[in-house]
Number of protein chains: 2
Amino acid sequence: MEIKKSSVTIADVAAKAGVSKTTVSRYLNGKYEFMSENSQKKIQTAIEDLNYRPNHLARSLRLSKSKLIGIIVADISSPFSSILVKGISDNCKKYGYNVLIANTDNDTHKEQEYILSMIDQRVEGLIINTTGSNDDFLLQLLPKNIPIILADRPIFPTAFDTVKTNDHQSTIDTVVYLASEGFKKVGYFTEPIKNIGTRIIRKQAYQQACIEKLNITPQIYEIDVNADICVEKYIRNFIESAAEEPRVIFAANGVVMLTLLRAINRMNLRIPRDIGICGFDDWPWAALIGPGITAISQPSYEVGTECVKQIMSRLHRNRKAEPQVIKLPTKLIVRGSTKLITD
Amino acid sequence: MEIKKSSVTIADVAAKAGVSKTTVSRYLNGKYEFMSENSQKKIQTAIEDLNYRPNHLARSLRLSKSKLIGIIVADISSPFSSILVKGISDNCKKYGYNVLIANTDNDTHKEQEYILSMIDQRVEGLIINTTGSNDDFLLQLLPKNIPIILADRPIFPTAFDTVKTNDHQSTIDTVVYLASEGFKKVGYFTEPIKNIGTRIIRKQAYQQACIEKLNITPQIYEIDVNADICVEKYIRNFIESAAEEPRVIFAANGVVMLTLLRAINRMNLRIPRDIGICGFDDWPWAALIGPGITAISQPSYEVGTECVKQIMSRLHRNRKAEPQVIKLPTKLIVRGSTKLITD
DNA sequence: GTGAAAGCGCTAACAT
DNA sequence: ATGTTAGCGCTTTCAC
C-alpha cells in the first residue's frame, strides 16, 4: 500500500503483474471474459501494491470521451440555480459523469467564452441556463453536434432540447386565483425582459390572463433589483393607480419577490391589508415572512434531473431527433399574503 | 469561417499554412520571438479558415496540467456553499482555470469517491468543504503533493491550508453582546457536532463565553433539522428552563436558524418577547422575518476568493510551506430579534 | 527560423 | 487467452 509520488501507469502495473498493457487495460475495463483467473489476480495485486489509478485524461483523449458534462448558469448563487446544479450533478454521478461548472453573471460574452472553453475540454454535453441574448451564437453550435440542453430558459423558435417549468399555465392560473380571492388589480413586477425566454413567457401569460380571463388592464413594472428607491416608487405608483380597490403584486421570480418584500418592509406596508403579494419561487423562508407569502413552487431539482436524462438520451440513443421541450409542473402554495382581509 | 464536424487538429492547420506542427504549436503558445511574420500570418489565417480550436485534453495529457480545480462541497444548495462556489469559480477564471464540482451531501463515502475521481482527472488543486469524518483519508492524500485547501471546515491538527471565518471570536462576541442586551439565558442550538471542525469551534466558543464571560451554564441542544417535532420540544424545553428570565436562542448556522424560525412560527411564539433569536448566516431574508433577525454575516464569496489565491500560491510559488489557516472577519448585524422589550 | 520525431497514458485492431 | 502495435492531439528536445 505504498504511495508513490510520480504517477503509476498501466505499464508499471503490467510489468509488476508480468502481463502486457493490453491485458491490464482489458482488466480495467471489465473485459474478463477471455482472461485467466490467474492474470486477474496478479493484476489486481499489482494495482493494489502500486496504488495504481487510471489517468482519466489519457483515457479521454484516446476515446474522445471525457465523461464530462458542462453546466453554464447565469447566476449560481440564486437558489433556483444552485438546486438545479445539485439536481444535475447528483444525476450525472449516476451515469458516471462529472460536471464542469461556470457562472456567467448574465454576461453574454462570458457565456460564449465558457461554452467554447468547455467544448475545448471536450465535454460530452452542455446544459445551459442562457443569458438570453445569445441566440445566434448558440445556433452556430448546432452543427458541432454536441448535445445541448437549455435549462429553464428557452429560446425561440425551439432549436434545442429545453427543460423548464409550465410557467405559462401556472402564471395564468395564479392570476385567476388572485381574482377569485377578490383582488381587483394585479400588478406584475419583473426584471427587465431583455430576450430571456422565461421572462417573455411569464409576462405574456400575465397579459393574456388579465385580458382574456379577468378583463382588466395589465400593469407591468420592470424593476432593477439593485435600485431600491425606484422599486419603492413603482410600488407607490401601483398602489395609487389602484385607489381603494384590493390590489396584489405578482412577482415574476424569487429575486424580484425578495426585492419587493424588502421595499414593502421599508415602506411599512401591511401584507395583505395594504397590498397583497405572491409570485414565483417558493423559497424556504416564504412561510415565515408576514402572514406567509403565497408562492409558486418550481421543481428546480427535477429540472436538473430531466436535463441529465435528456442529455443521456441524446448521447446514447437518438442523437438526431427533433428538439424537445419538457415542461415540469409547478405548484401554487397559498399563504396569508393573498388572503384578503375584509373588515 | 466554415464549421467542421470532425475536429480540426494542429496537423490540419500546419498543412494548410504550409508549416510544421511545431511552428503552429509555438504560435499557439505565443512563442513568436523566433518566427517569421509570414509564418505567423499564414498560421493565423489557417486557424480562422479551419475554425481551429485546440484540444484541451491532449494539451493537458502532454503537460500533465489540466488547468482544472476541483471543488467538493457538502451541500451545494445551501446559500453559504453556492456563494462560496461562485467566489471560487469567478476567481479561477481570472487565472485561466476551470472548475469541476461535486456535491457530497455530507456523505463521507461520496467525498472519498469524488476526491479520487477528481485526482484521476488530474485536477491541479482541490478545494474541499469536508464532511468532517474523513480526516484519515484526507491525510493519506498529503504525499500525493496536490494542493488541497479546506474551505470553511478545518480539521485538527491543521494539516492543510484552511480558509474560514473567525467564528470562534465572533461567537464569543455575540454571546457577550446578548448578555449586554439583558438576556439572562442563551440556548445554543446546533446540528449534531459529529467531527465537523466549524461546529466544534463554535460550540466551544459558546461554552467558553458562557463560563468565562457570563458565568452562566451553557445549554446546548443538538437538533435534527429534519425532525420538526423534536425541534419544538427542545425549544419548549429551553423556555421552561429559563422560567421568567429573558432568554435568547443562538443558532449555530443558517440552516438551524431556518429550522428554528419555522418551529417558532408554528408554536406562535413572539420574537423577541417570548424568545430572542440570533445566529450564524445573514441570509437575504433575515431582515424580513418578524422584527428582523439578528445575524452573523459570513463572507462566503471572499472565502472562495482566498481559497483560490491560496491554491495559486501553492501551485506557482511555495509548494512546500507550512499549512496556513486564514480567518476572515464576520460581522454581527443587529436587528429586532435581540432587542429586549421591557414593559 | 523551422522541422522530425519521440512520447504523455491509454485503448483497440489485429495478430497469434 | 494474451501480446504487438499504432495512434488520440499536443509539446518539446534536438538537429539543421
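Only heavy atoms go into these numbers, but all of them, side chains included; no hydrogens, no water, no symmetry mates. In what follows, every chain begins at residue 1, and chains take the letters A, B, ... in the order their sequences are listed. For clarity, every value in this text was computed on a predicted model and none was experimentally measured.
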N or O in side chain of A/S25 less than 4.0 angstrom from C/dT11 OP1/OP2: yes

B/S36 side chain near C/dT2 phosphate (N/O to OP1/OP2, under 4.0 Å): yes

Nearest-Å distance for atom pair CZ/C1', residues A/R26 and D/dA1: 8 Å

Whole-Å distance separating the NZ atom of B/K41 from the C1' atom of C/dG1: 16 Å

Integer-rounded Å distance: D/dG9 P and A/Q121 CD: 16 Å

Short side-chain N/O contact to C/dG3 OP1/OP2 from B/T23, under 4.0 Å: yes

Value in whole Å for how far the C1' atom of D/dC8 lies from CG of B/D12: 13 Å

For atom CG of A/L28 and atom P of C/dA12, their distance in whole Å: 12 Å

Selection from D/dC10, C/dT11, D/dT5 that lies nearest to any side-chain heavy atom of A/R59: C/dT11

Sugar-phosphate, base or nothing in reach of A/Y52, heavy atoms under 4.0 Å: sugar-phosphate

Phosphate-side-chain proximity, A/S39 and D/dT2, N/O vs OP1/OP2 below 4.0 Å: yes

Flag, side chain of B/N55 to backbone of B/L57, donor-acceptor distance under 3.5 Å: yes

Below 4.0 Å: OP1/OP2 of C/dT11 and any side-chain N or O of A/N29: yes

Gap between atoms OH and P, on B/Y27 and D/dG9 respectively (whole Å): 22 Å

Atom-to-atom span, CG of A/L63 to P of D/dC8 - whole angstrom: 13 Å

Nearest-nucleotide pick for B/S20, side chain only, options being C/dG3, D/dC10, C/dT11: C/dG3

Heavy-atom check, side chain of B/Q324 versus side chain of B/T162, under 4.5 Å: no

Closest listed nucleotide, where the reference is the side chain of B/S7 and the choices are D/dA1, D/dC8, D/dG9: D/dG9

Nearest listed nucleotide, side chain of A/T22, among C/dT11, D/dC10, C/dA12: C/dA12

Gap between atom CD1 of B/I326 and atom CD of B/E302 - 0.5 Å precision: 13.0 Å

Side chain of A/L61 (C-beta onward), nearest among C/dA6, C/dG9, C/dA4: C/dG9

B/S78 vs B/D75 side-chain heavy atoms within contact, under 4.5 Å: yes

Which atom of A/I146 lies closest to which atom of A/V123, heavy atoms considered: CD1-O, 3.4 Å

Interatomic distance, A/K31 NZ vs C/dA13 C1' [rounded to whole Å]: 11 Å

